[in-house]
Amino acid sequence: DALNQIEKILKTTFEEGKKLILYDQKLEAERSWPKLLHSCLAPTHEFEKDPQDWLKDVHPNTLPTEILQRIVGRLEIRDLKNVILVSKHWNAVGNKPAIWKGFDLPAKCREKDNFVKFFQTSLSSNTQNLFLGFGNFVFQFDDLLFESLLHLELSYLDLGNIDLSKVSDEYVAKLVNNCKECVMEEYDSDNGNNFSSLGQNKLKSIFIGMGSKTRLKSFTFSNRTGVEKFDLSFVPFSILARAFNNLESLTLEAVNLETSQWKAIFDTMSVHSKVKHLCLEFFDPETVDVNMFDSVLSNLIGLSFCGTILKYEQLRHLLESLDKSCNLKTICLEGDLTKISTKLLTRVLSKIEDVNLSYSEIGADQLTEIFQLIIKGASNIKCLTLIEVEEGVKDVDPTVLATAVNKLESFSFSGASDLSEDQTVEMFKEMSKGTNLKYLAEHGEGLAVNRMEHIGAVDPETLARAVHNLEAVWLDFEDSNLTSPQYSAILKRFCVLGKLQII
């Protein structure tokens with residue numbers, strides 16, 4: 001009963017609160033209590049004070065640590081630096097790693113002297129992000145300078161086009177394996193001694209460390225060299241298998257591995273692996289037997305073949321395996337899907353929340369079936385990406401497309417000319433009535449609505465209501481297909497409360 005009463009009090013409005021009968025200090029002082037009742041047992045109430053008195057007594061040092069952390073966590077880095085100097089208590093609160101998320105080296109650290117001075121301060125230990133690449137530093141690292149970085153517990157490391165030839169292999173490997181997420185971009189070497197900016201020995205040391213003791217959860221290896229595929233065949237298959245299966249997320253972009261290496265990786269993955277997200281971008285599908293995926297698909301929640309054009313047999317086999325067992329939440333497929341059975345394709349994709357079919361060939365009948373399942377509520381798809389799938393999309397019935405798209409949370413397409421005039425008009429008409437969409441996307445980023453080829457055909461008031469039903473919208477004023485009445489209607493509607501938060 002007491003809890004119910006408290007809940008009722010907490011739910012009251014300010015006006016209703018005035019009517020609540022709370023502790024009256026004057027009245028209680030005048031009331032005569034039995035002499036046999038000890039004063040410590042006399043009724044007391046937490047609402048003794050006037051609300052204004054409560055505010056006067058509030059001091060940052062008396063606030064619960066959790067509340068103070070949330071307040072401090074909203075500060076800019078430059079203000080956060082001052083906060084930790086106020087007192088020992090504030091220093092303890094402000095030095096929590098979560099509060100410094102996103103903090104990287106100050107720009108002045110590009111200079112050697114400033115770099116050394118910064119790492120002599122306690123503030124350096126709060127560094128969360130580190131970008132080691134061309135142009136980030138005007139000096140060359142050696143072991144002595146690089147050693148300062150080894151004490152950091154990084155959340156993110158971007159290792160790019162930088163000369164680390166004077167740094168030992170062990171130090172580079174230790175830095176990479178002491179962070180949670182690493183993006184490694186390999187470039188051609190300038191010194192001519194190695195085939196890449198890091199070199200074989202450093203890469204091998206990194207993978208050896210990755211297979212034993214590592215903090216890494218996510219690793220992305222991107223090929224930025226002049227060759228079409230970056231050759232990792234020099235790394236023993238046993239080392240790669242242990243290294244890659246010790247991660248939660250693995251992305252390999254334009255990398256060449258031998259069949260024996262792929263087999264070792266997938267064999268290990270089927271027995272013991274932490275990998276949940278696997279992204280194989282721009283790789284040669286001829287080097288991988290698609291049957292290798294059969295035993296690992298059920299363990300994955302994310303699978304991407306972005307930039308990799310799979311053949312019909314590979315696509316069909318992959319979809320048939322996923323039809324039997326699928327725990328995926330995200331998938332990216334690229335290839336000719338028109339030959340795949342519509343029922344098989346839609347049955348598999350409807351199990352997945354985030355579907356990316358960009359640059360694929362897909363028929364209007366297949367897309368229509370996908371959209372129909374979304375409309376019926378028989379699909380898990382929340383985010384759909386159809387970049388450069390213009391031919392298939394334009395042939396879909398406008399009403400079907402519009403209804404389905406507005407039941408999604410995100411719809412990404414090429415933007416300018418992917419939709420016909422009827423589809424554009426119908427989509428915004430449906431959006432004006434209410435939508436699950438948070439924003440329209442183009443190539444993974446916000447789509448500037450004014451760039452859509454047929455946007456000018458949408459009724460201004462309808463467009464304004466639609467735009468304000470989104471959470472974010474991008475509008476440009478140059479090279480715009482929007483009319484003046486449309487701009488006017490959108491801007492005037494800011495006087496009406498809507499969902500729009502970002503413009």
Side-chain angles (χ1 to χ4, degrees), residues 184-186 194-196 198-212 216 218-300 302-322 324-326 328 331-337 339-340 360:
M184 186 181 296
E185 299 176 334
E186 271 297 271
N194 300 313
F195 71 112
S196 69
L198 285 179
Q200 291 189 15
N201 292 333
K202 283 183 173 56
L203 286 173
K204 196 178 292 185
S205 295
I206 289 170
F207 292 133
I208 290 173
M210 200 180 295
S212 53
L216 266 179
S218 175
F219 179 68
T220 298
F221 190 97
S222 296
N223 176 17
R224 296 289 183 267
T225 63
V227 297
E228 186 178 349
K229 298 286 186 292
F230 188 92
D231 192 2
L232 283 178
S233 60
F234 67 89
V235 185
F237 63 81
S238 57
I239 291 176
L240 277 185
R242 283 195 299 270
F244 290 164
N245 283 287
N246 220 7
L247 305 165
E248 292 181 9
S249 177
L250 172 64
T251 299
L252 299 176
E253 180 186 328
V255 168
N256 179 55
L257 295 177
E258 293 181 347
T259 304
S260 59
Q261 291 173 307
W262 284 119
K263 187 178 185 304
I265 291 169
F266 285 114
D267 283 348
T268 305
M269 199 177 293
S270 64
V271 179
H272 174 71
S273 177
K274 296 179 181 178
V275 177
K276 295 296 180 185
H277 297 269
L278 180 62
C279 184
L280 304 176
E281 300 184 359
F282 301 97
F283 83 102
D284 184 1
E286 295 292 335
T287 60
V288 181
D289 182 355
V290 74
N291 293 303
M292 294 179 185
F293 286 94
D294 292 350
S295 58
V296 303
L297 284 176
S298 59
N299 299 327
L300 299 176
L303 179 63
S304 174
F305 293 101
C306 179
T308 300
I309 302 176
L310 298 175
K311 294 182 177 180
Y312 164 72
E313 293 79 9
Q314 294 173 317
L315 283 169
R316 181 177 55 79
H317 184 91
L318 186 66
L319 290 168
E320 286 175 346
S321 297
L322 288 171
K324 297 173 185 175
S325 176
C326 178
L328 292 179
I331 191 169
C332 177
L333 293 177
E334 191 170 330
D336 186 356
L337 298 169
K339 298 176 183 178
I340 301 294
S360 293

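The structure displayed is predicted, hence computed values, not measured ones.
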Colleague: When you look at NZ of Lys263, are more than 12 heavy atoms from neighbouring residues, nucleotides or ligands closer to it than 6.0 Å?
Modeller: no

Colleague: For Leu240, is there any backbone N or O sitting under 3.5 Å from a side-chain donor or acceptor partner on Gln261?
Modeller: no

Colleague: Would you mind reporting whether Leu319 and Ile340 have side-chain heavy atoms less than 4.5 Å apart?
Modeller: yes

Colleague: Side chain to side chain contact (heavy atoms under 4.5 Å, CB included) between Ile239 and Phe237: does it pass, once the steps are laid out?
Modeller: CA-CA 5 Å; Ile239 291 176; Phe237 63 81; over 6 Å; no

Colleague: Nearest 0.5 Å, what's the OG-CG distance between Ser218 and Leu247?
Modeller: 7.5 Å

Colleague: Less than 4.5 Å apart, side chain to side chain, heavy atoms only: is that true for Lys311 and Arg316?
Modeller: no

Colleague: Distance only, no hydrogens: is a donor on one side chain within 3.5 Å (strictly under) of an acceptor on the other, for Asn245 and His272?
Modeller: no

Colleague: As a quick check of understanding, evaluate side chain to side chain contact (heavy atoms under 4.5 Å, CB included) for Met184 and Leu198, giving each step before the final call.
Modeller: CA-CA 10 Å; Met184 186 181 296; Leu198 285 179; 3.7 Å; yes

Colleague: How long is the straight-line distance from CG of Leu280 back to CG of Leu303, given to the nearest 0.5 Å?
Modeller: 7.5 Å

Colleague: Would you check if the side chain of Ser360 reaches a backbone N or O of Gly335 as a donor-acceptor pair within less than 3.5 Å?
Modeller: yes

Colleague: Got a second to check how far Glu248's CD is from Lys274's NZ, nearest 0.5 Å?
Modeller: 7.5 Å

Colleague: Pick one: which of Trp262, Phe230, Phe221 meets ring-ring contact (aromatic ring centres under 6.0 Å, His included) with Phe283?
Modeller: Trp262

Colleague: Going from CG on Leu257 to OG1 on Thr287, what distance comes out if it is rounded to the nearest 0.5 angstrom?
Modeller: 7.0 Å

Colleague: In plain terms, say whether Lys324 and Glu320 are close enough for a salt bridge, that is, a side-chain N and a carboxylate O under 4.0 Å apart.
Modeller: no

Colleague: Quick one: are Leu203 and Asn201 in side-chain contact, heavy atoms under 4.5 Å?
Modeller: no

Colleague: Please answer whether the main-chain N or O of Val255 pairs with a side-chain N or O of Asn223 as donor and acceptor at a distance below 3.5 Å.
Modeller: no

Colleague: Could you give me the CA-CA distance, side-chain angles and deciding distance for Val275 and Leu300, then say whether side chain to side chain contact (heavy atoms under 4.5 Å, CB included) is met?
Modeller: CA-CA 7 Å; Val275 177; Leu300 299 176; 4.0 Å; yes

Colleague: Hey, what do you get for CG (Leu250) to CG (Leu278), rounding to the nearest 0.5 Å?
Modeller: 6.0 Å

Colleague: Set out, in order, the CA-CA distance, both residues' side-chain angles and the distance that settles ring pair (Phe, Tyr, Trp, His ring centres under 6.0 Å) for Phe244 and Phe266, then state yes or no.
Modeller: CA-CA 10 Å; Phe244 290 164; Phe266 285 114; over 10 Å; no

Colleague: Do Gln314 and Leu318 pass the side chain to side chain contact (heavy atoms under 4.5 Å, CB included) test, and can you show the C-alpha distance, the side-chain angles, and the key distance before you say yes or no?
Modeller: CA-CA 6 Å; Gln314 294 173 317; Leu318 186 66; over 6 Å; no

Colleague: Nearest 0.5 Å, please: how far is CG in Leu315 from CG in Leu310?
Modeller: 5.0 Å

Colleague: Do Asp294 and His317 have side chains that approach each other closer than 4.5 Å (heavy atoms only, starting at C-beta)?
Modeller: yes

Colleague: Please check: side-chain N/O of Ser325 versus main-chain N/O of Leu322, any donor-acceptor pairing under 3.5 Å?
Modeller: no

Colleague: For the backbone of Gly307 and the side chain of Glu334, can you confirm whether one donor and one acceptor N or O come within less than 3.5 Å of each other?
Modeller: yes

Colleague: Closer than 3.5 angstrom, by distance alone: can the side chain of Ser270 be matched with the main-chain N or O of Ser295 as a donor-acceptor pair?
Modeller: no

Colleague: So do the side chains of Leu216 and Asn246 get within less than 4.5 Å of each other, counting heavy atoms only?
Modeller: no

Colleague: Are any of the side-chain heavy atoms of Phe305 and Phe282 separated by less than 4.5 Å?
Modeller: no

Colleague: Does a donor on one side chain and an acceptor on the other come within less than 3.5 Å for Ser222 and Glu253?
Modeller: yes

Colleague: Do other residues, nucleotides or ligands put more than 12 heavy atoms under 6.0 Å from the CD1 atom of Ile309?
Modeller: no

Colleague: Tell me whether Ser298 contacts the main-chain N or O of Cys326 through its side chain, where contact means a donor paired with an acceptor under 3.5 Å.
Modeller: no

